[in-house]
Amino acid sequence: MVRRSAPVLALLLALTACEQAPQATAQRPAKAVAICDRATPRDFDGDGADDVAVGQRDGGSVHLLTRDRLVPITVPGAVPKDLGHAVALARVNDDKCADLIVGAPATPVNGVPSAGAVYIVYGGSAAPPLKIEAPHPTSYGSFGWSVAGYDGFLAIGAPAETVDGLWGGGAAYTGKPQQLRRIIQESPGIPGNSEEGDEFGSSVAIGPLWDGRVQLIVGAPGERTDGAGRQAMGEQDSLDAPGAVTVISDVRADELDASKHNGQGTCRVGQEVAYVPGAGGRWATVSGRCGLLQIWAHNGPWHTENCRACVRQDFDPDQDAALAAAPDGSLAVAWRDSVEVIPLEPRDKRSIPFLFTGIWPVAFYGSRLVFGPSSDKNGVAIYDPATGKVREVTSKSGGQVLG
């Protein structure tokens, strides 16, 4: 598996971007058409309400948070203990329902251990789930470690994939479900070198630019400072690397063009990335280790935010931070002791005292925030900034709201 500095997070929560448009990849039963006709852009089940996909970072379950109920999602043929390490909601086929993209990075492929797989569960029961196996299966390559989608295009990370004999060089895949394109740091138009432990593909995000192009953001937290040619692992361990984020300006182009943004010190930038909806191509990355959030526009850095709580002496230098984007362009960053909610214009940001212990994944749920639980609990916590109240929702209780 990929070496990571942060503790394993229990749940990963994901929302689709509001600009997503439909793209045909599956036949739809007439029933599915009717169900999805009233769907919102982030609506999986077609009930007219936005949903949140909830997966388990160490594998084991996938749930849908819908109308304050936590509903289990069954994927036929999938290995339950591996399912749900990464999840995303995005429109993959040609109906109005959002589809569920589920990563299963420990799935074996043709006898190759942990080569990885991804499942597409179509919203509104448009078609049976689709399994996508690692196109280049390598031992412990972890295809499906990160997932995202936009306009029928998938983005899938395989950060431990072997590249030219170098374990953990990593790769990202993008395209329609049956036509994935492999991108590594050695691909034409991609800056940098593929080196052991780069973990290229640890995080992925995808969304439109102001001119209609579709950009792909790929994190490589183990990236060391590139010199001439490839660097050996011993020159700088990937666990103490500055990290990097690569931004590809148009994944639909025949010839790729990309820029690379290096981190500093030992921040391991690129563990989390997010596309910022409604801003014409902004994206963000966060480093819990350095207490740093960076928001970028197409022409360069746009805004930097520092975590004030992260400078405390008892702050764990190996701790990560969680990052989420809302359809209106707001960002939420869950640091260790606080949550920052940063709107499209950061001067109006809000700080929320952290209600839980440790770094929990975070997602927007309308005007509320959803936090994934610690590993010993089965559910999520919904926080309403307007009232300051927290409600816990568990699948064991049939999705009833507790407290």
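All heavy atoms count here, side chains included; hydrogens, waters and symmetry mates do not. On a predicted model such as this, the values are computed, not experimentally measured, just so you know.
- Contact detail for Ala134 and Val109: the closest heavy-atom pair is N-CG2, 4.2 Å.
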Does Ile342 form a side-chain contact (heavy atoms from CB on, under 4.5 Å) with Leu293? I'd like the steps, not just the answer. CA-CA 10 Å; Ile342 304 165; Leu293 168 71; 3.3 Å; yes
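- You'll find the side chain of Trp167 stays beyond 4.5 Å of the side chain of Ser139, heavy atoms only.
- Atoms OG1 and CD1, from Thr246 and Ile248 in turn, are 7.0 Å apart once rounded to the nearest 0.5 Å.
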Worked verdict on Glu161 versus Arg182 for salt bridge (charged side-chain N to carboxylate O under 4.0 Å, His left out): CA-CA 11 Å; Glu161 191 166 291; Arg182 185 182 189 231; 2.8 Å; yes
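- Residues Val273 and Val204 fail the side-chain proximity criterion, which asks for heavy atoms closer than 4.5 Å.
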Walk me through whether Val121 and Asp99 qualify under side-chain contact (heavy atoms from CB on, under 4.5 Å). CA-CA 6 Å; Val121 183; Asp99 304 303; over 6 Å; no
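- The backbone N or O of Cys36 sits nowhere less than 3.5 Å from a side-chain atom of Asp95 that would complete a donor-acceptor pair.
- Residues Val380 and Phe371 have side chains not in contact (no heavy-atom distance under 4.5 Å, counting atoms from C-beta outward).
- The shortest distance between side-chain heavy atoms of Ile190 and Leu256 falls below 4.5 Å.
- Judged purely by atom type and a 3.5 angstrom limit, Thr174 uses its side chain to pair as donor or acceptor with the backbone of Leu154.
- Gln215 contributes a side-chain N or O that, together with a main-chain N or O of Gly281, makes up a donor-acceptor pair within less than 3.5 Å.
- A distance-only check finds a donor-acceptor pair linking the side chain of Arg67 to the backbone of Asp47 [under 3.5 Å].
- Summarising the geometry of Gly46 relative to Arg38, their closest heavy-atom pair is O-NE, 3.2 Å, with the distance given to 0.1 Å.
- Taken to the nearest 0.5 Å, the CD1 atom of Ile101 stands 11.0 Å off from the OG atom of Ser146.
- Under the 3.5 Å distance criterion, the side-chain polar atoms of Ser203 are matched with a main-chain donor or acceptor of Gly270.
- Side-chain N or O atoms of Glu272 include none that pairs as donor or acceptor with a backbone N or O of Leu323 at under 3.5 Å.
- Arg268 and Glu199 are joined by a salt bridge, as a carboxylate oxygen and a charged side-chain nitrogen come within less than 4.0 angstrom of each other.
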For ring pair (Phe, Tyr, Trp, His ring centres under 6.0 Å), just list the numbers for Trp296 and Trp283, CA-CA rounded to whole Å, side-chain angles, deciding distance to a tenth of an Å, and then say yes or no. CA-CA 5 Å; Trp296 292 73; Trp283 57 273; 5.5 Å; yes
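- The closest donor-acceptor contact from the side chain of Tyr119 to the backbone of Leu83 lies at 3.5 Å or more, if one exists at all.
- Around the CZ atom of Arg350, the shell of radius 6.0 Å holds no more than 12 heavy atoms that belong to other residues, nucleotides or ligands.
- Asp43 contributes a side-chain N or O that, together with a main-chain N or O of Gly48, makes up a donor-acceptor pair within less than 3.5 Å.
- Here NE2 of His303 is found 9.5 Å from CG of Leu331. Values are rounded to the nearest 0.5 Å.
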Could you walk me through whether Val102 and Val118 pass side-chain contact (heavy atoms from CB on, under 4.5 Å), step by step? CA-CA 6 Å; Val102 183; Val118 169; 6.0 Å; no
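- The CG atom of Leu130 lies 6.0 Å from the CD1 atom of Ile120; values are rounded to the nearest 0.5 Å.
- With hydrogens and angles disregarded, no donor-acceptor distance shorter than 3.5 Å links the side chain of Asp257 to the backbone of Ser249.
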Under the salt bridge (charged side-chain N to carboxylate O under 4.0 Å, His left out) criterion, do Arg224 and Asp198 qualify, and how do the steps go? CA-CA 7 Å; Arg224 281 85 73 200; Asp198 278 353; 3.3 Å; yes
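- In plain terms, the two heavy atoms of Ser194 and Leu166 that are nearest each other are O-CD1, 3.4 Å.
- Between Tyr173 and Ala158, the shortest heavy-atom distance links the atoms CE1-CB, 4.2 Å.
- Here Asp50 pairs with Arg42 in a salt bridge; the nearest charged N to carboxylate O distance falls below 4.0 Å.
- Counting only distance, with no hydrogens or angles, the side chain of Asn306 and the backbone of Leu292 share no donor-acceptor pair below 3.5 Å.
- Put simply, the side chain of Lys176 reaches to within 4.5 Å of the side chain of Phe153, judged on heavy atoms.
- Inter-residue side-chain proximity for Tyr140 and Thr162 is flagged as unmet; no heavy-atom pair is nearer than 4.5 Å.
- In terms of heavy-atom proximity, Ile156 sits nearest to Gly144 at CG2-N, 3.6 Å.
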side-chain contact (heavy atoms from CB on, under 4.5 Å), that's the test. Do Phe200 and Val218 meet it? Break it down for me. CA-CA 7 Å; Phe200 183 78; Val218 184; 3.6 Å; yes
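- Shortest non-hydrogen contact noted between Val52 and Phe364 is CG2-O, 3.8 Å.
- In this structure, the side chains of Ile382 and Asp384 stay at 4.5 Å or more apart for every pair of heavy atoms.
- Ion pair Arg91/Asp151 not flagged as a salt bridge, since none of the NZ, NE, NH1 or NH2 atoms sits closer than 4.0 Å to an Asp/Glu carboxylate oxygen.
- Expressed to the nearest 0.5 Å, how far CG of Leu64 lies from CG of Asp45 amounts to 5.5 Å.
- Atom OG1 of residue Thr394 and atom NE2 of residue His63 lie 9.0 Å apart, to the nearest 0.5 angstrom.
- Under 3.5 Å, the side chains of His261 and Ser259 contain a donor-acceptor pair of N or O atoms.
- A 4.5 Å side-chain heavy-atom check between Leu344 and Arg282 finds at least one atom pair inside the cut-off.
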